[in-house]
Amino acid sequence: MTGAGGPAGGGGVVPPIGDTLVTPRPFDEYCASFGLSPRELLAGPVLDCPAGASDFAATVRGLGGRAVSVDPSYALGREGLARRCKDDLVRVHAWARGQTWRCRVGPDGTWDRIADWRASAEKFLEDLARDRARRGGRYVAAALPQLPFPDGTFRLVVSGFLLFSYADRLDPEFHLAAVRELLRVSHGEVRLHPLNDYLGHPYAQLGALLDRLAAEGVVAEIRPVTSPTLAADNRTLVLSRPR
Ligand SMILES: C[S@@+](CC[C@H](N)C(=O)[O-])C[C@H]1O[C@@H](n2cnc3c(N)ncnc32)[C@H](O)[C@@H]1O
């Protein structure tokens, strides 16, 4: 396990998060955190990278949209992935329970988001099994900063809880290369959330990153949003490249 705990801004010490988690943030949380409307979800092909064990793309498809999930963990077989989801949910729950000043934990020690996260992981695993049986190709094993899609494939790209979140192990050059790649495969918008690391600190290199992107003609907007999980994760970065 890697990662060091630290202050979350006025509460207590955030426990170390350890290895990068494969998490199943649910569809409703994606919509709130990325500030997405149903119209935007259905306007064209959507990429979720990293998608982890989220039911976001499956739910978009259930609504009539087109969505693809990318994550390096999809290289694991279904059983390996199911085990990883289960183990990482246990880790997430323990992590949330260790910071009651910023996560809502009931008197019985249950984090209020865990049932929704479990349901999202179950939907994801069922949809993944169906997709693999059909060779649907909607769950792609790949890793930033290199994605196996032609330029401009997606109308909307969402990227949550890898960039900025794990700034303790991903350096500024990786962030720049990853964002460039997300922009390359998009013909519309790239949205990134949150703009804090997992300790709750704003990503210190954000200004430098935006300056480099601006020099390449990328337009950036920071939008206020509401996170159902962590109140401090209240900003989403919207990037586009005028064509
Ligand atoms: C905290 S999860 C976020 C998943 C999902 N977006 C969510 O919010 O629940 C971080 C994910 O990043 C994936 N990951 C790690 N390195 C990556 C890389 N280089 N490119 C893309 N995804 C990566 C991990 O496998 C993991 O599933």
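Worth knowing before you read on, the calculation uses all heavy atoms, side chains too, and leaves out hydrogens, waters and symmetry mates.
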How long is the span from the [atom1] atom in [X] to the [atom2] atom in [Y], to the nearest 0.5 Å?
X    : Y    : atom1 : atom2 : value
R66  : L41  : CZ    : CG    : 13.0 Å
D131 : R138 : CG    : CZ    : 6.0 Å
Y198 : F161 : OH    : CZ    : 14.5 Å
L213 : S240 : CG    : OG    : 11.0 Å
D71  : S73  : CG    : OG    : 3.5 Å
D171 : R169 : CG    : CZ    : 13.0 Å

Let me know which of L182, L237, L176 forms a side chain to side chain contact (heavy atoms under 4.5 Å, CB included) with L163. L182

Can you name the closest pair of heavy atoms from [X] and [Y] and give their distance?
X    : Y    : value
R91  : I17  : NH2-O, 2.7 Å
T20  : D88  : O-OD2, 4.3 Å
V22  : A53  : CG1-N, 3.9 Å
L230 : S227 : N-OG, 3.0 Å
Q205 : P172 : CG-CG, 3.9 Å
S120 : P24  : OG-O, 3.0 Å

Determine, stepwise, if the pair L89 / R118 fulfils side chain to side chain contact (heavy atoms under 4.5 Å, CB included). CA-CA 7 Å; L89 268 173; R118 278 197 194 110; 3.9 Å; yes

What side-chain donor-acceptor pairs closer than 3.5 Å can you find for residues 74-83, not counting sequence neighbours?
residue: Y74; atom: OH; partner: G52; partner atom: O; Å: 2.7

Quick check against the 3.5 Å criterion: does [X] have a side-chain atom that pairs as donor or acceptor with the backbone of [Y]?
X    : Y    : value
T153 : P150 : yes
D55  : A58  : no
Q99  : V13  : no
H93  : W111 : yes
N196 : A232 : yes
R102 : A96  : no

Can you find a heavy atom in the side chain of P38 that is under 4.5 Å from one in the side chain of L63? no

In the structure I gave you, are the side-chain heavy atoms of C49 and E181 within less than 4.5 Å of one another anywhere? no

Shared hydrophobic cluster for [X] and [Y] (ILVMFWY, side-chain gaps under 4.5 Å):
X    : Y    : value
V179 : L147 : yes
L170 : V14  : yes
V68  : V157 : yes
V185 : L239 : yes
L210 : V238 : no

So L144 and F174, side chain to side chain contact (heavy atoms under 4.5 Å, CB included) or not? Walk me through it. CA-CA 8 Å; L144 289 167; F174 175 86; 4.1 Å; yes

Run the side-chain donor-acceptor check on residues 122-130: report pairs under 3.5 Å with partners two or more places apart or on a different chain.
residue: K123; atom: NZ; partner: T59; partner atom: OG1; Å: 3.0
residue: D127; atom: OD1; partner: R130; partner atom: NH2; Å: 3.4
residue: D127; atom: OD2; partner: R61; partner atom: NH2; Å: 2.5
residue: D127; atom: OD2; partner: Y139; partner atom: OH; Å: 2.6

Do any pairs count as a salt bridge (charged side-chain N to carboxylate O under 4.0 Å, His left out) and have a residue in residues 202-216, sequence neighbours left out, and if so which ones? E173-R212, R180-E216

Just distance, no hydrogens or angles: give the donor-acceptor pairs under 3.5 Å from side chains in residues 218-226, sequence neighbours left out.
residue: E221; atom: OE1; partner: R223; partner atom: NE; Å: 3.4
residue: E221; atom: OE1; partner: R223; partner atom: NH2; Å: 3.1
residue: E221; atom: OE2; partner: R223; partner atom: NE; Å: 2.9

Check: H175 ring centroid to Y203 ring centroid under 6.0 Å: yes

Show the numbers, then the answer: is there a salt bridge (charged side-chain N to carboxylate O under 4.0 Å, His left out) between R241 and E189? CA-CA 8 Å; R241 205 191 282 279; E189 284 180 357; over 6 Å; no

Could you give me the CA-CA distance, side-chain angles and deciding distance for L209 and F164, then say whether side chain to side chain contact (heavy atoms under 4.5 Å, CB included) is met? CA-CA 11 Å; L209 176 71; F164 315 138; 3.8 Å; yes

The ring-ring contact (aromatic ring centres under 6.0 Å, His included) partners of F149 (sequence neighbours excluded) come to F154

Residues T23, S54; criterion side chain to side chain contact (heavy atoms under 4.5 Å, CB included); working and verdict: CA-CA 7 Å; T23 49; S54 174; over 6 Å; no

Distance-only check: which donor-acceptor pairs under 3.5 Å involve side-chain atoms of residues 26-35, not counting sequence neighbours?
residue: E29; atom: OE1; partner: R113; partner atom: NE; Å: 3.2
residue: E29; atom: OE1; partner: R113; partner atom: NH2; Å: 2.7
residue: E29; atom: OE1; partner: W117; partner atom: NE1; Å: 3.2
residue: E29; atom: OE1; partner: T229; partner atom: OG1; Å: 3.1
residue: E29; atom: OE2; partner: R25; partner atom: NE; Å: 3.4
residue: E29; atom: OE2; partner: T229; partner atom: OG1; Å: 2.6
residue: Y30; atom: OH; partner: D48; partner atom: OD1; Å: 3.1
residue: Y30; atom: OH; partner: D48; partner atom: OD2; Å: 2.8
residue: S33; atom: OG; partner: E29; partner atom: O; Å: 2.7

